[in-house]
Amino acid sequence: MNLNNKDLDRIFKQKLGQHEVKAPSSAWDHVQRQIFDKKSRRFPWIWVGAGTFVLTVLAAALFLPLNLSGDKGEDGVNVERSEMNPSVGSDPAEDLSQQPFAEEDEAGKEGNHKTGLEERNAGAGGIAPPGQIGREVRTQGVTSASQQEESKHSSVGRKENISDLASPAAQRNEEEQASPSGERHTSESFPDGERRHGSLPGLNASGPFDAFTRRVLTEEEAAWTDPCQNGLYQYKDDECYSLKSSAPIRFALSWYYGPEFPLRSLTTTDPELSGYADLRNETETYSYAHGLGVRASMKWYSGLKLGTGLHLSKWNERFDYIDEDAEITTTINIIVDTIINSPLDTTYVIDTVSVTKSGTKHYRNTNSYTFFDLPLLIGYEVEGKHMNISINTGVFLHLLFQSDGQVLAADEQPIRYNNRDRTDHSIFKSDIGASLYTSVGFYYKLDKHWDFTFEPSIKYMIEPVTLSSYPLDQRYISFNLYMGLRYRF
Amino acid sequence: MYALCLRYARHQLEAEDILQEGFIKVFNNLGSFEHKGSLEGWVRRIMINTAIRNYHKRHHKKEFLGLDTVPDQSLEPAAIHALSEQELLELVRDLPDGYRMVFNMYVIEGYAHKEIAEILDIGESTSRSQLVKARRMLRKLIKNVQSVLV
């Protein structure tokens, strides 16, 4: 009895469908190793690094710049304090605000003046500053000569820790007592009434003078007509503070572009593969590479600076290979038989004829590697008359990496690769970690804000760009010459 | 699963590669398993897809040999029943790539010719003819084994 096709298929399915063979232990070792490698690479150290950097920048921005002008107090905190004095202005808003202040003389003594101040300052749109140390409280009342004299003697004593500030009422009482004439100086005591800074007799002050800071005010500073404006900020203890800093951060934004010269190394621990590495080096050569980016930086007067931004690099290599033993196979299908299994099921028996020709085949391709990076840099910049020079170092976090091209495989056959398309041969990673970066920056000053920048740099790739399953480690170190413009704010 | 890989692979090393690659996919995508079918079926499907992908990676067209000269031979049922699973597996692995792929997918996995044609990027009629030729060749191989045993 002849076995028909259905029975043949059924027997194979029965016997092989659930048939199991024990896999060699080496296969499981490979699986375990590859999974373990992948898991270990998944630690989000890129984001940990980026987070640390951002926190450092924020911490520096919050604490370093607030070193205020003026003499230092005993605890090194620069605080100048003054009474919150009402103003009498023609501004309707000020007129509205006069009523609470009009009641202040009496109410203040009774300890109720604070409510009036709060109402008034709320009307002035005061902004509460952060409660850091180092706030400057500026005099808002017109001072008499006696007050000015008093302030000369007590200027040191007036610089005190903000935590020791007395209540506004107590301050006013203190000032009233300090005046020999006992006269209470308010804006109403002066004809102009609207200005809370007076000129100091005996000093050649050419403009409005701040009795407590003992300096001529700028036009802008003197122009304010209401407390807590023009850079002064209302705080919860009803004082007005200036956050003016004597050591501010300078921010800058730069744009750059330039050639890059990546040097490649192909290494292997297997001596038998050194020939393969040589073959790859022979068939792939540097073509051209370039990078561009934008970078924001903040610099302190000390010269320390931090920078970050975005960077894009594209490297191109030429693949050139002549296969002298190439075979081109053409397949031709010919229907040689027709089997009618049922009225609706016909099987055509097709003869497959393959014709193979031997010859020389020339492969040419441009291989590209594209990097999209987040630079995290720290540096030191020296100011010059015409040019600044800085030394920078840090890391480039490779956020994206794309590779596309053609190389020789270990069996010396050309293969195409693309790390975004896993159906092709997998050679390159998509996550390549970070590179170390160091550079020297030259900033030629074009005018008050603009610099021409020239930055030679070196970038060293920490990890190979190739997968651990690929027999060679492919790494790069690149030399870069970036040129561009920088705008200093 | 290793037996499945052996069925699709040309040799043991290739089967191990498929097994490794397949299991790495399984572990990496375990979270995407939706519990709609059996885990075994899901793993099995991944292994088959890996094997098919491995087949695509090779220049398989070179291996479409003109084997139409193999005559269709009659076969006694007892002849195939006498063979063990391992021997049948060896016979399948002796098939040329194209025959082996179609035979495995159609006979063991239960794919339709239309599906096989789409997956392997061949014509549906080619899939049918490959199956016919695979059966003919298997009959011949079984006969050969039988004659050796006798």
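Here is how names work: the chains are called A, B, and so on, in the same order as the sequence lines, proteins then strands, and each is numbered from 1. Computed from a prediction, not measured in an experiment: that's the story for all the values here.
Heavy atoms only, all atoms of each residue included: A/D9 and B/V107 are closest at O-CG1, 3.3 Å. Heavy-atom minimum distance, B/R44 versus A/G17: NH2-O, 2.9 Å. Contact record, A/N5 with B/R139: OD1-NH2, 2.9 Å, taken as the closest heavy-atom pair. Here the closest heavy-atom approach between residue A/F12 and residue B/I108 is recorded as O-CD1, 3.6 Å. When all heavy atoms are compared, the tightest approach of B/M1 to A/E20 is N-OE1, 2.7 Å.
By the neighbour-count criterion of 12 heavy atoms within 6.0 Å, atom OH of B/Y111 is densely surrounded, having more than that number from other residues, nucleotides or ligands. Within 6.0 Å of the CZ atom in A/R318, the count of heavy atoms belonging to other residues, nucleotides or ligands does not exceed 12. Within 6.0 Å of NZ on A/K314 lie no more than 12 heavy atoms contributed by other residues, nucleotides or ligands. No more than 12 heavy-atom neighbours from other residues, nucleotides or ligands sit within 6.0 angstrom of CZ on B/R45.
With a 4.5 Å cut-off on side-chain heavy atoms, A/K15 and B/L89 do not count as touching.
Remark: B/L138 CG to A/I11 CD1 distance equals 12.0 Å, nearest 0.5 Å.
Residue B/L131 does not touch chain A at all, counting heavy-atom pairs closer than 4.5 Å. With a threshold of 4.5 angstrom between heavy atoms, B/E124 does not approach chain A through any atom at all.
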